[in-house]
Trainee: 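One structure, as structure tokens, below. Some questions next.
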Amino acid sequence: MTLLDVIEKKKRKEILTKEDITFWIEGMCKGEFPDYQISALLMAIVLNGMTDEETFALTDAMLNSGDSIDLSAIDGIKVDKHSTGGVGDKVTLILAPLLASFGLKVAKMSGRGLGHTGGTIDKLESIPGYRVELSREEFIQQVNEVGVAVISQSGNLVPADKKLYALRDVTGTVDSIPLIASSIMSKKLASGADFLFMDVKVGNGALMKTIEDARELARLMIEIGKHYGKTTICILTNMSEPLGNAVGNALEVEEAIHTLKGMGPEDVMELIIKIAGLVVSRTENISLEEAEQQCFKKFNTGAAYQKFEDMVTAQGGDLTKLEISKRIFSVRTPKAGYIAAIDTLGIGEIARKIGAGRFTKEDKIRYQVGMVLSHKVGDFVKANDELLKVYLDDLDVRVNDILDCFTIQDNPVEAQPLIYEILE
Ligand code: URA
């Protein structure tokens with residue numbers, strides 16, 4: 001067999017066998033195939049799709065391409081959460097310590113920003129001193145003692161995904177549901193948790209632009225989870241406007257801290273309570289209402305914030321040194337009306353341009369820059385009202401580029417739902 005045979009087969013819309021897929025992934029990891037052949041196969045998959053069986057085989061081959069984390073030395077129920085990526089998504093920073101405050105064990109490996117979307121690891125690195133790399137022993141010990149640790153993905157966790165993702169990023173082959181599902185699930189399965197919670201973002205700032213696609217991605221991830229005996233719950237949530245108000249690393253940490261103290265923006269609070277409520281009701285066998293009530297208590301008593309502080313301290317971070325840029329200006333609307341839409345991808349790209357994200361792997365993040373939105377979709381604004389504040393260092397931004405991200409109209413608009421549906 002050659003990789004060309006596999007490409008030809010997928011081009012003819014034939015179903016690849018487990019052997020075909022294993023041959024591809026194993027050979028790729030050994031460096032036996034040129035990038036142009038791997039890219040051609042990826043494009044054939046994007047165009048012709050994959051069956052569930054092919055996707056299971058791909059997930060399996062990717063999972064077997066590197067190390068898996070053994071969490072058996074951690075006592076208790078190990079939960080993991082993943083978001084398919086968005087703008088202003090600081091959920092992990094809040095959810096992980098909140099769940100740990102219930103005694104659940106959160107041994108979480110997170111990623112860096114990708115394209116216009118932010119990454120939890122970059123956000124945590126905005127806390128001076130925070131170590132995103134812990135040895136395996138330190139990681140396990142911290143989860144046992146504190147209940148939560150959030151670190152970056154270990155070097156050899158699903159190396160096949162690293163190779164494939166880098167190629168997909170530059171060959172227009174990211175937006176394939178089987179490729180996304182196998183990429184995400186191979187990493188989650190390698191991370192060893194018992195219970196997986198997936199936040200599938202939908203909208204103009206997300207990878208999935210329609211509910212139908214998000215539903216299909218969720219279905220496939222749940223099927224993969226089932227295949228491996230893992231409870232997988234997916235929640236489909238709105239990413240047609242940034243989540244919360246803050247976009248940018250240190251600003252999002254600050255907003256996460258407010259939320260952990262029970263004073264976060266409404267949408268962030270709602271989403272966290274919903275996700276944590278679902279996880280806690282399942283793992284503790286209590287009703288959803290009771291679980292949600294208990295989540296509020298964890299905020300109000302300071303227990304959730306204390307877990308966050310304990311985690312940060314254990315990982316060497318110093319929250320008193322969190323820095324937000326002092327070069328701030330307001331962007332104001334020239335006209336009155338209702339905010340009908342926010343171009344979330346556009347906001348994410350502007351955040352990236354002012355230094356909150358990267359354009360090349362080598363780019364250094366400017367942790368203290370970003371934006372804080374003053375309004376959500378559906379709000380009424382008067383002429384000259386502030387739409388958002390920009391926090392800059394030495395890079396500039398064009399005000400018109402920001403204004404272009406807001407659609408303001410005369411007629412009222414219906415507020416968008418934050419949570420579309422829950423699938424399991
Ligand atoms: N996130 C991932 O980890 N992989 C994808 O393919 C898309 C989003």
Side-chain angles (χ1 to χ4, degrees), residues 46 81-95 110-123 161 165 168-169 172-185 187-188 196-222 232-249 252 255 265 267-268 270-272 274-275 339-352 356-358 370-371 373 376-378 405-407 415-423:
V46 169
K81 166 263 166 193
H82 183 85
S83 157
T84 57
V87 177
D89 184 353
K90 66 273 301 170
V91 168
T92 294
L93 302 179
I94 308 155
L95 186 72
S110 288
R112 296 188 182 278
L114 191 68
H116 72 285
T117 65
T120 300
I121 288 303
D122 295 329
K123 294 173 208 207
D161 183 62
Y165 204 94
R168 288 168 59 209
D169 209 18
T173 52
V174 171
D175 55 346
S176 147
I177 290 174
L179 291 179
I180 296 172
S182 53
S183 159
I184 293 175
M185 288 303 284
K187 286 177 289 198
K188 291 291 110 183
L196 303 177
F197 198 99
M198 319 301 279
D199 184 0
V200 181
K201 300 285 184 200
V202 194
N204 65 33
L207 269 178
M208 298 292 109
K209 307 291 181 211
T210 66
I211 287 280
E212 291 71 29
D213 281 352
R215 212 177 267 141
E216 172 56 13
L217 176 60
R219 183 200 65 79
L220 196 49
M221 291 196 294
I222 289 167
T232 309
I233 299 185
C234 293
I235 187 166
L236 272 47
T237 66
N238 184 4
M239 190 35 76
S240 286
E241 60 183 326
L243 182 66
N245 304 324
V247 179
N249 299 284
E252 290 190 45
E255 188 166 277
D267 57 343
V268 181
E270 183 187 338
L271 185 55
I272 296 284
K274 182 55 81 186
I275 298 180
I339 300 181
I342 299 178
D343 173 1
T344 315
L345 172 64
I347 293 285
E349 284 298 349
I350 290 168
R352 203 173 169 197
R358 299 180 187 80
M371 283 171 271
L373 281 82
K376 306 296 284 184
V377 171
C405 294
F406 289 82
T407 308
Q416 307 169 338
L418 174 64
I419 296 167
Y420 293 112
E421 55 193 67
I422 294 159
L423 300 162

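This one's a predicted model, so the numbers in the text were calculated from it and none came from an experiment.
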Trainee: Run the side-chain contact (heavy atoms from CB on, under 4.5 Å) check on Leu207 and Asp175 step by step: do they pass?
Mentor: CA-CA 7 Å; Leu207 269 178; Asp175 55 346; 5.5 Å; no
Trainee: Under 4.5 Å between any side-chain heavy atoms of Thr232 and Met185, yes or no?
Mentor: yes
Trainee: Atom CD1 of Ile235 and atom CG of Leu271: how far apart are they, to the nearest 0.5 Å?
Mentor: 5.5 Å
Trainee: Mind checking the NZ-NZ spacing from Lys188 to Lys81? Nearest 0.5 Å is all I need.
Mentor: 8.0 Å
Trainee: Given Leu243, which partner from the list Asp199, Thr344, Val87, Leu418 fulfils the side chain to side chain contact (heavy atoms under 4.5 Å, CB included) test?
Mentor: Leu418
Trainee: Taking all atoms of both residues into account, what is the closest heavy-atom pair of Arg168 and Ser183, and its distance?
Mentor: NH1-CB, 3.8 Å
Trainee: If we check side chain to side chain contact (heavy atoms under 4.5 Å, CB included) with Val46, which of these qualifies: Val174, Ile177, Leu179?
Mentor: Leu179
Trainee: Is it true that a side-chain atom of Thr84 and a backbone atom of Lys201 form a donor plus acceptor pair closer than 3.5 Å?
Mentor: yes
Trainee: Rounded to the nearest 0.5 Å, what separates atom CD in Glu252 from atom CG in Asn245?
Mentor: 10.5 Å
Trainee: Can you name the nearest heavy-atom pair linking Gly113 to Asp122, along with the distance?
Mentor: N-OD2, 2.8 Å
Trainee: Go through Ile222 and Cys234 one step at a time and tell me if the side-chain contact (heavy atoms from CB on, under 4.5 Å) criterion holds.
Mentor: CA-CA 7 Å; Ile222 289 167; Cys234 293; 3.8 Å; yes
Trainee: For Met239 versus Gly85, what's the shortest heavy-atom pair and its separation?
Mentor: CG-O, 4.5 Å
Trainee: Would you check, one step at a time, whether the test side-chain contact (heavy atoms from CB on, under 4.5 Å) holds for Ile350 with Cys405?
Mentor: CA-CA 10 Å; Ile350 290 168; Cys405 294; 3.8 Å; yes
Trainee: For Pro178 and Leu220, work out which heavy atoms get closest and say how close.
Mentor: CA-CD2, 3.8 Å
Trainee: Taking His116 for the side chain and Gly205 for the main chain, is one N or O donor matched with an acceptor at less than 3.5 Å?
Mentor: yes
Trainee: Do side-chain atoms of Asp343 reach the backbone of Asn204 as a donor and acceptor pair under 3.5 angstrom?
Mentor: no
Trainee: Decide yes or no for Thr92 and Ser110: does some side-chain heavy atom of the first lie under 4.5 Å from some side-chain heavy atom of the second?
Mentor: yes
Trainee: Just by modelled atom types, is the Gly244 backbone N or O under 3.5 Å from a matching donor or acceptor in the Lys376 side chain?
Mentor: yes
Trainee: Looking at CD1 of Ile272 and NZ of Lys274, how far apart are the two atoms once the value is rounded to the nearest 0.5 Å?
Mentor: 13.0 Å
Trainee: Take Val200 and Tyr420, measure what side-chain contact (heavy atoms from CB on, under 4.5 Å) needs, and give me the verdict at the end.
Mentor: CA-CA 10 Å; Val200 181; Tyr420 293 112; over 6 Å; no
Trainee: Find the distance between CE (Met198) and OG1 (Thr237) and round it off to the nearest 0.5 Å.
Mentor: 12.5 Å
Trainee: For a quick test of reading the model, state the closest non-hydrogen atom pair linking Ile347 to Pro242 and the distance between them.
Mentor: CG2-CG, 4.2 Å
Trainee: Just how far is it from atom CD1 of Ile211 to atom CD of Glu421, taken to the nearest 0.5 Å?
Mentor: 5.5 Å
Trainee: Check whether any side-chain heavy atom of Ser240 sits under 4.5 Å from a side-chain heavy atom of Val377, and report yes or no.
Mentor: no
Trainee: Do any N or O atoms from the side chain of Lys123 and from the backbone of Ile121 form a donor-acceptor pair under 3.5 angstrom?
Mentor: no
